[in-house]
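We use all heavy atoms of the structure for the numbers below, so side chains are in, but hydrogens, waters and symmetry mates are not.
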Amino acid sequence: MSDSVNTRPYDTSRRAERTQASKRAVVEAAHELFLARGFADTTVDAISAASRVPIATVYRLFKTKTAILKQVIDTAVVGDDAPVPLGDRSVVKDAQAADDPKAMTAAWAHVARQVFDNTAALRLVLRVAAALDTEAAALQDSIEEQRRVGQARVARALAHQGFLAPRLKETEARDIVYALMSIDTYRILRLEQRWSGARYERWLANALYRLLVAPIEI
């Protein structure tokens with residue numbers, strides 16, 4: 001009896017590790033397939049085969065193909081599968097704590113570049129899927145709302161530190177941030193105009209500073 005009791009925590013831990021390993025394998029395989037084939041042409045069967053995870057297990061873990069795409073994007077946003085949201089990561093906390101306006105806008109530009117470098121291609125896959133699939137459309141709306149809420153931290157941090165331009169309201173600053181730090185702005189500059197990541201980051205830092213901290217009077 002005592003042996004059975006002693007091994008139960010161990011067995012539970014091993015099961016959790018196997019489950020996590022299966023999730024990671026599915027996410028990694030799906031990431032590659034979504035980028036190579038798009039959403040519509042990537043089947044759950046293909047994800048199962050590429051990940052070497054039985055299809056019944058894939059469905060047990062994720063339920064739908066859209067749920068897999070959501071996890072792929074969520075993982076790409078932060079760069080790993082640790083259960084720590086972006087807002088609680090050191091890169092965001094450091095940006096919020098910056099004690100100089102140029103350092104703060106530069107830090108937020110770095111966060112934006114990092115997130116978009118990791119997720120832009122996947123977000124464009126989702127955009128195409130959203131035009132054809134209601135669940136994918138709901139996911140896109142949810143991600144955009146998360147972006148709106150998350151990027152509000154930029155205006156809030158600048159306002160909290162007293163860095164916002166004197167006549168600029170925080171609500172207006174949020175709108176400016178939402179426009180500048182968007183997937184479309186990133187797509188135009190990085191993917192269409194082929195700016196380097198460093199050039200995009202410098203431009204964004206300067207744009208945030210000039211529009212939010214030291215705008216030119218007209």
Side-chain angles (χ1 to χ4, degrees), residues 15-87 89 111-151 178-201 204:
R15 284 197 297 273
E17 289 174 3
R18 287 196 296 270
T19 297
Q20 187 61 27
S22 294
K23 285 183 177 179
R24 188 176 295 117
V26 170
V27 167
E28 290 175 356
H31 190 148
E32 297 300 321
L33 288 170
F34 284 136
L35 292 183
R37 302 182 183 181
F39 182 80
D41 291 335
T42 296
T43 64
V44 178
D45 280 335
I47 294 171
S48 171
S51 64
R52 299 185 179 181
V53 175
I55 194 165
T57 302
V58 175
Y59 277 115
R60 177 174 59 81
L61 293 173
F62 293 100
K63 309 303 182 188
T64 68
K65 184 170 68 170
T66 303
I68 298 174
L69 179 56
K70 178 183 185 302
Q71 186 59 56
V72 169
I73 293 173
D74 287 347
T75 300
V77 166
V78 294
D80 58 55
D81 59 0
V84 182
L86 181 63
R89 301 271 174 152
V111 173
R113 174 195 171 183
Q114 178 177 295
V115 170
F116 285 135
D117 279 355
N118 290 341
T119 64
L122 291 167
R123 290 291 308 279
L124 295 176
V125 167
L126 174 59
R127 177 172 291 183
V128 173
L132 306 171
D133 182 274
T134 55
E135 189 179 357
L139 175 58
Q140 176 165 268
D141 290 344
S142 174
I143 289 176
E144 278 302 295
E145 181 58 26
Q146 290 174 15
R147 181 172 76 85
R148 184 183 298 277
V149 172
Q151 290 180 353
Y178 190 68
L180 290 175
M181 293 170 61
S182 72
I183 182 68
D184 289 301
T185 302
Y186 178 92
R187 174 183 55 79
I188 291 168
L189 297 178
R190 288 281 282 122
L191 305 183
E192 293 184 9
Q193 301 306 313
R194 300 185 182 277
W195 281 20
S196 69
R199 183 181 180 188
Y200 165 79
E201 185 175 328
L204 181 57

Legend entry - Closest contact, heavy atoms only, Q140 versus R127: OE1-CA, 3.2 Å

Inset, instruction - Return the set of residues passing salt bridge (Lys or Arg N to Asp or Glu O under 4.0 Å) with D141 (not counting sequence neighbours), or none when no residue passes. - result: none

Legend entry - Side-chain donor or acceptor of S48 paired with backbone N/O of V44 under 3.5 Å: no

Legend entry - R37 (side chain) donor-acceptor with T43 (main chain) under 3.5 angstrom: no

Inset, instruction - Check the pair L69, L126 against side chain to side chain contact (heavy atoms under 4.5 Å, CB included), reporting the backbone distance first and the verdict last. - result: CA-CA 8 Å; L69 179 56; L126 174 59; 3.9 Å; yes

Legend entry - Side-chain heavy-atom pair V26, I68 within 4.5 angstrom cut-off: yes

Inset, instruction - Please report the shortest heavy-atom distance between A50 and L33, naming the atom on each side. - result: CB-CD1, 4.0 Å

Legend entry - ring-ring contact (aromatic ring centres under 6.0 Å, His included) against Y200, all qualifying residues, sequence neighbours excluded: Y186

Inset, instruction - First locate atom CG of L191, then atom CD1 of I183, and finally report the distance between them rounded to the nearest 0.5 Å. - result: 7.5 Å

Inset, instruction - Check whether any side-chain heavy atom of F62 sits under 4.5 Å from a side-chain heavy atom of K23, and report yes or no. - result: yes

Inset, instruction - Drop me the distance from Y178's OH to L180's CG, to the nearest 0.5 angstrom. - result: 13.0 Å

Inset, instruction - Name all residues meeting the side-chain contact (heavy atoms from CB on, under 4.5 Å) criterion together with T185; count only those two or more places apart in sequence or in a different chain, and write none if there are none. - result: S182, L189, W203

Legend entry - Point-to-point distance, once rounded to the nearest 0.5 Å, from CD of E135 to OG1 of T64: 3.5 Å

Inset, instruction - Check whether any side-chain heavy atom of F34 sits under 4.5 Å from a side-chain heavy atom of I47, and report yes or no. - result: yes

Inset, instruction - For V77 and N118, work out which heavy atoms get closest and say how close. - result: O-ND2, 4.2 Å

Inset, instruction - For residues T42 and V125, determine if any side-chain heavy atom of one lies less than 4.5 Å from a side-chain heavy atom of the other. - result: no

Legend entry - Atom pair CD/CD of E144 and Q151 - distance to nearest 0.5 Å: 8.5 Å

Inset, instruction - Heavy atoms only: give me the nearest L204-A112 pair and the separation to one decimal. - result: CD2-CB, 3.6 Å

Legend entry - Interatomic distance, T75 atom OG1 to H31 atom NE2 [nearest 0.5 angstrom]: 9.5 Å

Inset, instruction - With sequence neighbours left out, write down each residue that passes salt bridge (Lys or Arg N to Asp or Glu O under 4.0 Å) with R24, or none if nothing qualifies. - result: D81

Legend entry - Distance, nearest 0.5 Å, that separates CG of D74 from CD of Q146: 6.5 Å

Inset, instruction - Kindly write out the residues that satisfy side-chain contact (heavy atoms from CB on, under 4.5 Å) with V128, not counting sequence neighbours, or none if the list is empty. - result: none

Legend entry - Heavy-atom closest contact (A30 atom, V72 atom, distance): CB-CG2, 3.9 Å

Legend entry - S142 (side chain) donor-acceptor with A138 (main chain) under 3.5 angstrom: no

Inset, instruction - Find out whether D117 and Q114 are in side-chain contact, i.e. whether some heavy atom of one side chain is under 4.5 Å from a heavy atom of the other. - result: no

Inset, instruction - Please name all residues satisfying side-chain contact (heavy atoms from CB on, under 4.5 Å) with S196, sequence neighbours left out, ordered by chain then number. - result: A198, R199

Legend entry - salt bridge (Lys or Arg N to Asp or Glu O under 4.0 Å) evaluation trace for E201 with R190: CA-CA 10 Å; E201 185 175 328; R190 288 281 282 122; over 6 Å; no

